[in-house]
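What follows is a short report on a single structure.
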Amino acid sequence: QLQLVDSGGGQVQPGGSLRLSCAVSGFALHDFTIAWFRQAPGKERVGVSCITDSRHTEYADSVKGRFTISRDNPTNMVYLQMNNLKSEDTGVYYCAAGLDSYPGICTGVPRQGPYAKYGQGTQVTVFS
């Protein structure tokens, strides 16, 4: 059974950095595109970034130049390096898996629909 466990969240000041991790188990990572979503308090879950098996990446405009998504198939791990964090980055971050063969799964900002499995979420809080 496919499982995702995300971790690495925490509390940082503006300008700080965090690296989120997503551990995938149950299936080989190379079959999946992985995305990160963020849900701020009282708001809908929104796409942040995604990465396909061929290493194509997409980012929301708000994080371009600050966040970097990467994956390591042999260890079944996906990472989101977040630099120069801002207060508006605050929220619960979820990694999610969708079939890499899904047409357009990582074209533009990721949408929730193609992603069938989500991690439990990890809290990121950016405060002064």
Side-chain angles (χ1 to χ4, degrees):
Q1 182 177 357
L2 178 64
Q3 284 192 314
L4 290 82
V5 177
D6 32 38
S7 61
Q11 297 182 343
V12 295
Q13 293 184 331
S17 298
L18 286 171
R19 188 175 83 153
L20 306 185
S21 299
C22 177
V24 179
S25 63
F27 286 85
L29 182 58
H30 64 74
D31 289 330
F32 296 94
T33 287
I34 303 296
W36 287 95
F37 292 85
R38 176 179 66 232
Q39 188 162 20
K43 295 188 177 181
E44 294 184 351
R45 194 174 297 184
V46 297
V48 174
S49 183
C50 55
I51 183 167
T52 67
D53 184 54
S54 62
R55 306 304 191 272
H56 173 74
T57 59
E58 295 278 359
Y59 297 93
D61 287 343
S62 62
V63 306
K64 283 180 181 176
R66 300 188 297 121
F67 289 14
T68 303
I69 191 170
S70 62
R71 62 192 288 159
D72 183 43
N73 283 6
T75 60
N76 273 14
M77 294 293 296
V78 179
Y79 303 98
L80 185 68
Q81 178 66 43
M82 306 188 297
N83 298 328
N84 190 21
L85 282 160
K86 303 177 180 181
S87 57
E88 53 263 41
D89 297 320
T90 293
V92 179
Y93 284 71
Y94 300 88
C95 64
L99 288 175
D100 196 63
S101 58
Y102 191 106
I105 189 171
C106 188
T107 301
V109 176
R111 311 167 310 281
Q112 292 190 67
Y115 296 89
K117 190 70 175 181
Y118 288 75
Q120 82 284 2
T122 184
Q123 175 72 46
V124 172
T125 304
V126 185
F127 68 102
S128 302

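No experiment lies behind these values; they were computed from the predicted model shown.
- Inter-residue side-chain proximity for V78 and C95 is flagged as unmet; no heavy-atom pair is nearer than 4.5 Å.
- Counting heavy atoms from C-beta outward, Q112 and Y118 have side chains that approach closer than 4.5 Å.
- The closest side-chain heavy-atom distance from R55 to N73 is below 4.5 Å.
- Residue G47 comes nearest to V109 through the heavy atom pair O-CG1, 3.4 Å, listed as atom of the first residue, atom of the second, then distance.
- No donor-acceptor pair closer than 3.5 Å links the side chain of R71 to the backbone N or O of T33.
- Under a hydrophobic-cluster definition in which Ile, Leu, Val, Met, Phe, Trp and Tyr are linked whenever side-chain heavy atoms come within less than 4.5 Å, directly or via other members, L99 and L4 are assigned to the same cluster.
- K64 has a carboxylate O that lies under 4.0 Å from a charged side-chain N of D61, or vice versa, which qualifies the two as a salt bridge.
- Atom CG of L80 sits about 10.0 Å away from atom CG of L18, to the nearest 0.5 Å.
- Taking the side chain as every heavy atom from C-beta outward, L20 and Y79 never approach each other to under 4.5 Å.
- Taking 4.5 Å as the limit, some side-chain heavy atom of V124 sits within range of a side-chain heavy atom of M82.
- Every residue two or more places apart in sequence or in another chain that forms a ring pair (Phe, Tyr, Trp, His ring centres under 6.0 Å) with Y115 is listed here: F37.
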Q: List the steps, then state whether side chain to side chain contact (heavy atoms under 4.5 Å, CB included) holds for Q123 with T90.
A: CA-CA 8 Å; Q123 175 72 46; T90 293; 4.2 Å; yes
(Q) With side chain to side chain contact (heavy atoms under 4.5 Å, CB included) as the criterion, how do L29 and I34 come out once you've worked through the C-alpha distance, each side chain's angles and the decisive distance to 0.1 Å? (A) CA-CA 9 Å; L29 182 58; I34 303 296; 3.8 Å; yes
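- Between the side chain of Q120 and the backbone N or O of D6 there is at least one donor-acceptor pair closer than 3.5 Å.
- If you take NZ on K43 and CZ on R45, they are separated by 15.5 Å, rounding to the nearest 0.5 Å.
- Separating the OH atom in Y94 from the OG1 atom in T122 is a distance of 10.0 Å, to the nearest 0.5 Å.
- Residues E58 and I69 fail the side-chain proximity criterion, which asks for heavy atoms closer than 4.5 Å.
- Of the inter-residue distances, the one linking D31 atom CG with D100 atom CG reads 8.0 Å to the nearest 0.5 angstrom.
- The CD1 atom of I51 sits 12.0 Å away from the CH2 atom of W36 when rounded to the nearest 0.5 Å.
- Judged purely by atom type and a 3.5 angstrom limit, N76 uses its side chain to pair as donor or acceptor with the backbone of V24.
- Of all heavy-atom pairs spanning P14 and F127, the tightest one is CD-O, 3.1 Å.
- The aromatic rings of Y93 and F67 sit tilted, their planes meeting at an angle between 30° and 60°.
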Q.
Could you go through R38 and E88, starting from their C-alpha distance and side-chain angles, then the distance that decides it, and tell me whether this counts as side chain to side chain contact (heavy atoms under 4.5 Å, CB included)?
A. CA-CA 11 Å; R38 176 179 66 232; E88 53 263 41; over 6 Å; no
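- Contact annotation: the side chain of S70 never approaches that of Q81 to less than 4.5 Å [non-hydrogen atoms, C-beta and beyond].
- Each disulfide bond (SG atoms under 2.5 Å apart) pair with one or both residues in residues 34-90, not counting sequence neighbours, appears once here: C50-C106.
- R66 contributes a side-chain N or O that, together with a main-chain N or O of N84, makes up a donor-acceptor pair within less than 3.5 Å.
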